[in-house]
Amino acid sequence: MTQTVYSDKVIVDNVFKYNRPSAKSMKKRRLFLALAGLFIGAVNGVFGAGGGMLAVPALSFIGGLDDRGSHATAIAVILPLCLISTIVYSLRSSFEASVVLPTVIGVFIGGVVGALLLKKLSGDLLCFLFYGLMLFAGLKMIFS
Amino acid sequence: MKFLYFILAGVLGGVLAGMGMGGGTLTLPLLVLVMGVGQLTAQYANLIAFLPSGTAALFLHVKNGLVKKDNLFYLLLPAFVTCSVSSVFATQIQGDLLKKLFGGFLCIIAIFSLVMKVFTPKNKSKQK
């Protein structure tokens, strides 16, 4: 079944399908999108990161977008947010070129590599490795 | 030499970001824990780093028709407001608090994602 934009995601025989939403469900969905927006904005502003990790599930579960659509649309959400944060940070904190410049170069190179790898490399092992590492880093940051 | 390590930290986060897994959540701890950069400086670097990569990615996604714009406004408007306020908040926090908060955020995301991963039915990958 083809996906309508912001369609209702339903599970039929354990497979996700998409239905055109009713007016009532549309209204409810907008409210939840707005609530998610409040949270995503707050997180992305205070940490300068993490908005995408929240926007993807929000767009998927509330918006009913599929995997590719929610990832792509999440970038449209966090890019303007990052722009706002960058402006605020630049006005209120110091710019350390020795850190910022190489990081910018690295992220750009990595981004291209990651986008190319996407089709070849995916899987549960990578996910568990990533989240395990994340948990470890988080604990270390709290207790260091 | 340090220059190269910063590039490497960026590359590692960038690869994940390119794969759609949240690169900043890797770049930030690398910069802070391994390279000893201050939390706010790391966040600032990560934000700036995302702008060119994100713009390039967005351009490609829009071209491929993957970005769904309808109703996006309802999410974006409140996000703009809280993002502006919390950005100011981030630049005002003193000491290690910002780092600890981010550590807590990482833990929550990691545990939540692991739990989701374990309990999601396998045939979710069939969704189109």
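Throughout, a chain's letter reflects where its sequence line sits, starting with A, and its residues are numbered from 1.
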Search all heavy atoms of [X] against all heavy atoms of [Y] and return the closest pair with its distance.
X: B/Ser84; Y: A/Val88; value: O-CG2, 4.5 Å
X: B/Asn46; Y: A/Gly48; value: ND2-O, 3.0 Å
X: A/Gly45; Y: B/Ala90; value: O-CB, 4.0 Å
X: B/Thr82; Y: A/Ala42; value: OG1-N, 3.2 Å
X: A/Ile75; Y: B/Ala57; value: CD1-CB, 3.8 Å
X: A/Ala72; Y: B/Leu58; value: O-CD1, 4.3 Å

Legend entry - Stepwise side-chain contact (heavy atoms from CB on, under 4.5 Å) test for A/Leu133 and B/Leu26: CA-CA 9 Å; A/Leu133 196 72; B/Leu26 184 64; 3.7 Å; yes
Quick check on [X] against chain B: is it the side chain, the backbone, both or neither that has a heavy atom closer than 4.5 Å?
X: A/Phe130; value: side chain
X: A/Ser70; value: neither
X: A/Phe95; value: both
X: A/Ile78; value: both
X: A/Leu91; value: neither
X: A/Pro80; value: both
X: A/Ser98; value: backbone

Inset, instruction - Check for a donor-acceptor pair, side chain of B/Thr91 on one end and backbone N or O of A/Arg92 on the other, with a separation under 3.5 Å. - result: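 Flag not set: sc B/Thr91 to bb A/Arg92 has no pair under 3.5 Å.
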Inset, instruction - Determine yes or no for a side-chain-to-main-chain donor-acceptor pair under 3.5 angstrom, with B/Gln43 supplying the side chain and A/Tyr89 the backbone. - result: no
Inset, instruction - Verify the neighbour count for atom NZ of B/Lys100: are there more than 12 heavy atoms of other residues, nucleotides or ligands below 6.0 Å? - result: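 Atom NZ in B/Lys100 is packed in, count exceeds 12.
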Legend entry - Within 6.0 Å of CZ in A/Phe108, more than 12 heavy atoms from elsewhere: no
Inset, instruction - For the residue pair B/Asn71 and A/Arg30, confirm or rule out a side-chain donor-acceptor distance under 3.5 Å. - result: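 Looking only at side-chain atoms, A/Arg30 and B/Asn71 do form a donor-acceptor pair, the distance falling under 3.5 Å.
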If you measure from [atom1] on [X] to [atom2] on [Y], what distance do you get to the nearest 0.5 Å?
X: A/Thr73; Y: B/Leu66; atom1: OG1; atom2: CG; value: 7.5 Å
X: B/Tyr74; Y: A/Ile62; atom1: OH; atom2: CD1; value: 15.0 Å
X: A/Ile142; Y: B/Leu101; atom1: CD1; atom2: CG; value: 9.0 Å
X: A/Met141; Y: B/Cys107; atom1: CE; atom2: SG; value: 10.0 Å

Check whether [X] gets within reach of chain A through its side chain, its backbone, both or neither, counting any heavy atom under 4.5 Å.
X: B/Leu33; result: side chain
X: B/Phe89; result: side chain
X: B/Asp96; result: side chain
X: B/Met35; result: neither
X: B/Leu31; result: side chain

Inset, instruction - For the pair B/Thr41 and A/Ser93, evaluate side-chain contact (heavy atoms from CB on, under 4.5 Å) and give the outcome as yes or no after the intermediate values. - result: CA-CA 8 Å; B/Thr41 307; A/Ser93 82; over 6 Å; no
Legend entry - Choice from B/Ser86, B/Ala110, B/Gly103 maximising heavy atom contacts with chain A below 4.5 Å: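 Option with the greatest count: B/Ser86.
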Legend entry - Most contacts with chain A, counted as non-hydrogen pairs under 4.5 angstrom, among B/Val85, B/Thr27, B/Val81, B/Leu16: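 Maximum pair count with chain A is reached by B/Leu16.
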